[in-house]
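Index from 1, following the sequence.
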Amino acid sequence: MTEKYAVVVIGGGAAGLSAALVLGRARHRTLVIDAGEPRNAPAAHMQGYLSRDGVPPADFLAAGREEIARYGVELVRDRVVAVESGGDFTVVSAGGRTVRARRLVVATGLKDELPAVPGVAERFGRDVLHCPFCHGWEVRDQPFGVLATSPASVHQALMVSQWSKDVRFFLHTVAEAELSDEDLRRLAAAGVDVVPGEVAELVTEDDRLTGVRLTGGTPSGGGSTHALSVLFTAPRAVPQTGLLERLGAELHETPFGAYPVVDATGLTTVPGVWAAGNAVGFAEQVVHAASGGYRAASAIVGDLLMTDLDAAVRRQSPA
């Protein structure tokens with residue numbers, strides 16, 4: 001017979017583990033199915049999480065897995081390939097396991113697609129960074145570069161100037177004409193140098209970033225080199241919403257991709273399906289994701305309780 005759970009949590013990052021912890025403590029049989037691909041895996045540490053500031057992401061997740069196990073929550077390393085609704089939900093994994101659940105938490109996060117510049121992907125999370133709130137303090141006062149991926153990268157260049165006063169904004173494939181007069185005035189006011197031209201590659205020495213090289217400019221084909229120690233860039237966010245879409249969840253478009261429409265607890269437009277963490281938005285940090293998982297789980301506990309009580313009342317009512 002197909003195993004049945006009160007809740008299946010899809011995704012074992014901060015959001016999924018937080019939801020599982022609350023559900024386990026509420027005495028609900030819960031299964032976490034985790035593909036083992038956390039978004040922050042390239043980072044050596046996570047910051048800004050009160051009492052966990054500076055903890056390596058892998059250590060944080062390992063501690064979370066130990067905590068949920070204390071309350072009988074099961075966790076399997078697998079990938080969900082299909083979900084069907086029909087009263088309860090049927091969840092099928094790549095490993096061939098099929099289970100049923102009364103409620104679902106989808107915490108599948110998103111993936112980052114980095115600019116196709118040689119060296120960027122290899123150094124991402126080290127000295128190629130995205131979020132100044134996550135890493136700005138650790139690299140403060142060093143020479144920064146910002147690699148534009150769209151005109152919206154102006155915002156990133158302005159933000160990182162809070163952590164260093166030596167910032168160069170490399171337009172890369174963005175034309176200077178695409179920047180507004182207000183953009184240019186703000187960049188000048190922040191002391192950010194605007195550098196036209198496409199970035200060809202990163203320059204490293206002794207496994208450290210030392211600069212970027214632009215295309216063209218010399219008879220040998222090599223362009224000018226600009227010294228820096230840190231390069232910020234904004235990856236293209238790719239929400240992992242396939243399961244939600246197949247369940248019929250309504251999505252809404254944002255500048256960072258399409259995400260499910262949810263209420264304050266993370267409930268999607270599909271009854272019985274909650275979403276949390278980067279599955280609901282691009283800007284969810286670890287601390288936000290953990291909070292979202294907690295909110296979703298507490299809402300599910302109340303939802304299951306009221307559902308069962310109402311069913312009991314109906315059974316007791318005279319025909």
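When hydrophobic side chains of Ile, Leu, Val, Met, Phe, Trp and Tyr are connected at separations under 4.5 Å, M306 ends up clustered with L305, L309. Annotation for V174: hydrophobic cluster partners, listed by chain and number, are L129, F133, V139, F144, V146, V154, L158, M159, V160, W163, V167, F169, L171, L179, L184, L187, V192, V194, V230, F232 (ILVMFWY side-chain heavy atoms under 4.5 Å, direct or chained).
In the hydrophobic clustering of ILVMFWY residues, with side-chain heavy atoms under 4.5 Å counting as a link, V195 and V203 come out apart. The cluster map of Ile, Leu, Val, Met, Phe, Trp and Tyr, joined by side-chain heavy atoms under 4.5 Å apart, puts V22 and V273 in different clusters. A chain of hydrophobic side-chain contacts below 4.5 Å, direct or via other Ile, Leu, Val, Met, Phe, Trp or Tyr residues, connects V73 to V301.
A donor-acceptor pair under 3.5 Å is absent between the side-chain atoms of T108 and the main chain of G11, judged by distance alone. Side-chain atoms of T30 come within 3.5 Å of backbone N or O of H28 as a donor-acceptor pair. The main-chain N or O of G266 is found under 3.5 Å from a side-chain atom of D263 such that the two form a donor-acceptor pair. Side-chain N or O atoms of Q316 include none that pairs as donor or acceptor with a backbone N or O of V313 at under 3.5 Å.
In this structure, V9 and L23 have side chains that are in contact, with non-hydrogen atoms separated by less than 4.5 Å. Looking at V117 and L147, their side chains come closer than 4.5 Å, going by heavy atoms from C-beta outward. Proximity of V262 to T269: side-chain heavy atoms (C-beta onward) are nowhere separated by under 4.5 Å.
Checked against ring-ring contact (aromatic ring centres under 6.0 Å, His included), H172 has no partners two or more places apart in sequence or in another chain. For D207, the salt bridge (charged side-chain N to carboxylate O under 4.0 Å, His left out) partners are R123, R126, not counting sequence neighbours. Every residue meeting the salt bridge (charged side-chain N to carboxylate O under 4.0 Å, His left out) condition with R77, not counting sequence neighbours, appears here in chain and number order: D34. Legend: residues meeting side chain to side chain contact (heavy atoms under 4.5 Å, CB included) with V81, ordered by chain and number and at least two apart, are V92, A94. Remark: E37 pairs with R79, K111 by the salt bridge (charged side-chain N to carboxylate O under 4.0 Å, His left out) rule, at least two apart or across chains. Under the side chain to side chain contact (heavy atoms under 4.5 Å, CB included) criterion, E182 pairs with S180, R185, R186, not counting sequence neighbours.
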List the atom pairs, with distances to 0.1 Å, where a side-chain N or O of residues 238-255 and a protein N or O form a donor-acceptor pair under 3.5 Å, not counting sequence neighbours.
residue : atom : partner : partner atom : Å
Q240    : NE2  : V238    : O            : 2.8
T241    : OG1  : E245    : OE2          : 2.9
T254    : OG1  : F256    : N            : 2.9
T254    : OG1  : G257    : N            : 3.3
T254    : OG1  : G257    : O            : 2.7

Name the atoms and distances for all side-chain donor-acceptor pairs under 3.5 Å in residues 53-60, with sequence neighbours left out.
residue : atom : partner : partner atom : Å
D53     : OD1  : Q47     : NE2          : 2.9
D53     : OD1  : G48     : N            : 2.7
D53     : OD2  : Q47     : NE2          : 3.2

Would you tabulate the side-chain donor-acceptor contacts of residues 281-293 under 3.5 Å, counting partners in other chains and residues two or more places apart, or write 'none'?
residue : atom : partner : partner atom : Å
H288    : ND1  : Q285    : N            : 3.0
S291    : OG   : R295    : NH1          : 2.8

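Proximity of the aromatic rings of H135 and H130 is defined here by a centroid distance below 6.0 angstrom, and this criterion is not met.
More than 12 non-hydrogen atoms from other residues, nucleotides or ligands lie less than 6.0 angstrom from CD of E122.
A donor-acceptor contact closer than 3.5 angstrom links the side chains of W274 and T265.
D112 has a carboxylate O that lies under 4.0 Å from a charged side-chain N of R39, or vice versa, which qualifies the two as a salt bridge. In this structure, D308 pairs ionically with R102, as a charged nitrogen and a carboxylate oxygen lie closer than 4.0 Å. Using a 4.0 Å cut-off between charged side-chain N and carboxylate O, R103 and D303 make a salt bridge.
Sorted by first then second residue, the salt bridge (charged side-chain N to carboxylate O under 4.0 Å, His left out) pairs that include residues 13-32, not counting sequence neighbours, are E3-R29, R29-E74.
The distance from the CG atom of L209 to the OG atom of S229 is 7.0 Å, given to the nearest 0.5 Å.
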